[in-house]
Amino acid sequence: MELRMILFGYEKRRFKPFVNQAEAKTVKRIFDEYLSGKSLSAIADGLTKEQVVYFKDKTVWTKNAVKRILENPHKKLRQGNKMDMSEQV
């Protein structure tokens with residue numbers, strides 16, 4: 001089993017992490033759904049049902065994968081519950 005070596009929502013370019021715009025949309029969705037009251041399991045189930053890719057061809061999401069995204073210190077919530085993902089970490 002191969003593991004993801006960089007946080008979801010980011011990609012490496014020249015050995016530096018940058019925001020992956022496609023994954024950033026999923027991260028925003030996760031925050032929005034969590035802030036609206038959805039459970040971690042419900043969010044994971046929705047992403048799995050829609051076959052959103054987590055890593056390579058893996059489309060099965062777990063509540064732990066969702067939790068890791070929510071707890072990532074590089075993804076912060078500003079006032080008004082808007083997510084701030086800097087272009088470069």
Side-chain angles (χ1 to χ4, degrees):
M1 180 174 150
E2 191 175 0
L3 298 175
R4 191 178 174 108
M5 300 304 288
I6 190 166
L7 297 170
F8 187 83
Y10 298 96
E11 62 188 51
K12 281 188 180 178
R13 291 189 220 151
R14 297 185 180 158
F15 306 104
K16 292 184 180 182
F18 284 86
V19 173
N20 175 312
Q21 294 302 322
E23 290 181 357
K25 290 178 184 178
T26 301
V27 171
K28 182 181 181 326
R29 170 186 171 177
I30 289 169
F31 273 88
D32 290 345
E33 289 183 7
Y34 183 73
L35 290 171
S36 72
K38 276 195 174 180
S39 69
L40 300 177
S41 294
I43 296 168
D45 291 346
L47 293 168
T48 298
K49 183 177 179 180
E50 293 176 27
Q51 296 189 340
V52 174
V53 175
Y54 176 70
F55 178 61
K56 295 191 177 183
D57 60 349
K58 182 181 174 196
T59 58
V60 177
W61 286 75
T62 65
K63 66 180 181 179
N64 291 326
V66 172
K67 184 178 178 186
R68 278 192 301 275
I69 290 169
L70 291 169
E71 291 178 342
N72 177 1
H74 297 291
K75 297 178 180 86
K76 302 173 187 167
L77 294 178
R78 290 190 200 168
Q79 289 182 347
N81 296 333
K82 293 185 181 175
M83 191 178 64
D84 176 28
M85 289 183 68
S86 302
E87 182 61 29
Q88 183 180 357
V89 179

Enquirer: Just do the side-chain contact (heavy atoms from CB on, under 4.5 Å) check on Y54 and T59 with the steps written out, would you?
Expert: CA-CA 6 Å; Y54 176 70; T59 58; over 6 Å; no

Enquirer: Nearest 0.5 Å, please: how far is NZ in K58 from NZ in K56?
Expert: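 One finds 12.5 Å between NZ of K56 and NZ of K58.
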
Enquirer: Do K67 and T62 have side chains that get closer than 4.5 Å, going by heavy atoms?
Expert: no

Enquirer: Using side chain to side chain contact (heavy atoms under 4.5 Å, CB included) as the criterion, list what pairs up with D57, not counting sequence neighbours.
Expert: none

Enquirer: Find the distance between CG (N20) and OH (Y10) and round it off to the nearest 0.5 Å.
Expert: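 These two atoms lie 11.0 Å from each other.
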
Enquirer: Got N72 and V27 here, is their nearest side-chain heavy-atom distance under 4.5 Å?
Expert: no

Enquirer: With rounding to the nearest 0.5 angstrom, report the CZ to CZ distance, R13 to F18.
Expert: 5.5 Å

Enquirer: Is it true that F8 and W61 have ring centroids separated by less than 6.0 Å?
Expert: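 Ring-ring flag for F8/W61: true, centres closer than 6.0 Å.
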
Enquirer: How many angstroms lie between atom CD1 of I43 and atom CD1 of I30, to the nearest 0.5 angstrom?
Expert: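 Answer for the CD1-CD1 pair, I43 versus I30, is 7.0 Å.
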
Enquirer: For K49 and D45, what are the C-alpha separation, side-chain angles and deciding distance, and is it a salt bridge (Lys or Arg N to Asp or Glu O under 4.0 Å)?
Expert: CA-CA 6 Å; K49 183 177 179 180; D45 291 346; over 6 Å; no

Enquirer: From R29 CZ over to E50 CD, what is the distance, rounded to the nearest 0.5 angstrom?
Expert: 4.0 Å

Enquirer: So, taking the atom named CD in E23 and the one named CD in Q21, what distance separates them when rounded to the nearest 0.5 Å?
Expert: 10.5 Å

